[in-house]
*Asks:* 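First, the structure itself, so that you have it in front of you.
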Amino acid sequence: PISDRLVQIGPMDPINDARFYESLIKPPHLRSPQDVRNIYEQLRQLDMFNTLYNAPLKAICASARFERHPPQHVLFREGQVATCWFILLSGSVFIDNHIYLPYGCFGKRNGLNYRRTANCIVLQESEMIVIDYPDVQKICAGPTVTTTTKGVMSQDRPGGPHGALKRYTASSHPSLEGGVAPPVPPRPDRFMNASS
């Protein structure tokens, strides 16, 4: 039955405070301390934030975004990098044979998997809070390359088997002699293990 597929988290009464919406609709960089407080007071009431300390919740309140999407909008697709997660304020969304209703959160990462595991479709006009992960800048920027005196260190994309820092030396790549990094880093399968 369809009732087995409905997911609802939190109180039955909607967040019904005009100050909350006025504050949330503002771009995060334009929010005043009072705006952050307005958002904080409402989010603190949700079950998902019951055990979260004040500082992390205030950081979420300062950076969270408001979005509204029409029916049949594809919010994200399977395989995309999960740079954010969502709290549904109104409407409903469909993910992996489940319908999420207001105050359900969805789109969170699953362990070390940084990719979406299913498509998300908006079923009816929906308003939501979008919460970016703090590491979103690193994920979107791709691997970083830093030159050191012992060689070049390269950060693999997060979500790899160990998310470890891998190392290759100047002798393993001829263009690195003299400490100059190549314009395009070599493929990850050519990196040597840090233990070698």
Side-chain angles (χ1 to χ4, degrees), residues 7-95 99-110 112-144 146 155 157-159 163:
V7 178
Q8 184 162 358
I9 301 173
M12 293 296 289
D13 294 329
I15 294 177
N16 198 6
D17 185 338
R19 292 174 305 143
F20 167 73
Y21 281 96
E22 288 170 7
S23 298
L24 187 62
I25 289 171
K26 288 183 184 177
H29 67 280
L30 297 178
R31 288 189 189 137
S32 68
Q34 182 61 45
D35 291 325
V36 173
R37 195 174 9 256
N38 292 341
I39 297 168
Y40 172 86
E41 288 171 359
Q42 298 302 313
L43 293 187
R44 177 53 80 192
Q45 297 176 35
L46 298 178
D47 288 344
M48 69 186 82
F49 294 124
N50 275 351
T51 59
L52 190 62
Y53 289 110
N54 289 338
L57 182 54
K58 285 181 180 177
I60 287 172
C61 295
S63 64
R65 297 177 282 122
F66 175 84
E67 288 185 5
R68 178 183 292 128
H69 297 285
Q72 304 306 314
H73 174 76
V74 177
L75 195 57
F76 54 80
R77 296 188 183 279
E78 180 179 1
Q80 286 180 329
V81 175
T83 59
C84 60
W85 57 282
F86 306 86
I87 300 171
L88 195 60
L89 296 174
S90 68
S92 59
V93 298
F94 182 79
I95 306 171
I99 297 173
Y100 288 81
L101 299 174
Y103 307 111
C105 69
F106 61 94
K108 286 188 171 185
R109 292 177 182 163
N110 183 6
L112 293 177
N113 186 4
Y114 283 48
R115 300 238 173 234
R116 304 281 186 196
T117 58
N119 295 335
C120 176
I121 299 168
V122 176
L123 296 178
Q124 55 188 193
E125 184 171 315
S126 297
E127 296 177 336
M128 56 196 73
I129 301 171
V130 181
I131 301 167
D132 291 315
Y133 285 106
D135 60 359
V136 73
Q137 299 283 338
K138 290 180 184 179
I139 293 171
C140 293
T144 56
T146 307
Q155 173 89 30
R157 286 191 182 275

*Asks:* Look at atom CG of N50 and say whether more than 12 heavy atoms of other residues, nucleotides or ligands are closer to it than 6.0 Å.
*Replies:* yes
*Asks:* For E22, check salt bridge (charged side-chain N to carboxylate O under 4.0 Å, His left out) against everything at least two apart and list the hits.
*Replies:* none
*Asks:* Could you give me the CA-CA distance, side-chain angles and deciding distance for L43 and M48, then say whether side chain to side chain contact (heavy atoms under 4.5 Å, CB included) is met?
*Replies:* CA-CA 9 Å; L43 293 187; M48 69 186 82; over 6 Å; no
*Asks:* Rounded to the nearest 0.5 Å, what's the gap from OH on Y100 to CE on M128? Could you check?
*Replies:* 13.0 Å
*Asks:* Could you note down all residue pairs passing side chain to side chain donor-acceptor pair (under 3.5 Å) where residues 71-82 supplies at least one of them, sequence neighbours left out?
*Replies:* H69-H73
*Asks:* Which pair of heavy atoms, one from A64 and one from P28, lies closest together, and at what distance?
*Replies:* O-CG, 3.6 Å
*Asks:* List in chain and number order the residues that pass salt bridge (charged side-chain N to carboxylate O under 4.0 Å, His left out) with R19, two or more places apart in sequence or in another chain; answer none if no residue qualifies.
*Replies:* D17
*Asks:* As an exercise, state the distance from CD1 of I121 to OG of S126, rounded to the nearest 0.5 Å.
*Replies:* 12.0 Å
*Asks:* Can you check side chain to side chain contact (heavy atoms under 4.5 Å, CB included) on I129 and F86, steps first, answer last?
*Replies:* CA-CA 6 Å; I129 301 171; F86 306 86; over 6 Å; no
*Asks:* If you look at every heavy atom in P71 and L123, which pair is closest and at what distance?
*Replies:* CB-O, 3.7 Å
*Asks:* Tell me every residue that passes side-chain hydrogen bond (donor to acceptor under 3.5 Å, both in side chains) with S32, counting only those two or more places apart in sequence or in another chain.
*Replies:* D35
*Asks:* Let me confirm one number: the CD1-CZ distance from I39 to F66, rounded to the nearest 0.5 Å.
*Replies:* 11.5 Å
*Asks:* Atom SG in C84, atom OH in Y133: separation rounded to 0.5 Å?
*Replies:* 8.0 Å
*Asks:* Looking only at heavy atoms, what is the nearest atom pair of K108 and R116, with distance?
*Replies:* N-NH1, 4.5 Å
*Asks:* Quick one: ring pair (Phe, Tyr, Trp, His ring centres under 6.0 Å) partners of F49, sequence neighbours excluded?
*Replies:* none
*Asks:* Which pairs count as side chain to side chain donor-acceptor pair (under 3.5 Å) when at least one residue sits in residues 55-65, sequence neighbours excluded?
*Replies:* R65-E67, R65-D132
*Asks:* As a test of understanding, state which of V93, N119, I95 forms a side-chain contact (heavy atoms from CB on, under 4.5 Å) with F76.
*Replies:* I95
*Asks:* Given the rule in the side-chain hydrogen bond (donor to acceptor under 3.5 Å, both in side chains) test, do Y103 and D47 qualify, once you have shown the distances and angles that lead to the verdict?
*Replies:* CA-CA 9 Å; Y103 307 111; D47 288 344; over 6 Å; no
*Asks:* Check for a donor-acceptor pair, side chain of R31 on one end and backbone N or O of K26 on the other, with a separation under 3.5 Å.
*Replies:* yes
*Asks:* Out of curiosity, N38 CG to L24 CG, how far, rounded to the nearest 0.5 Å?
*Replies:* 10.5 Å
*Asks:* So which atom in P102 and which in S90 form the shortest heavy-atom distance, rounded to 0.1 Å?
*Replies:* CG-CA, 3.7 Å
*Asks:* What's the separation between atom CD in Q42 and atom CZ in R37, rounded to the nearest 0.5 Å?
*Replies:* 13.5 Å
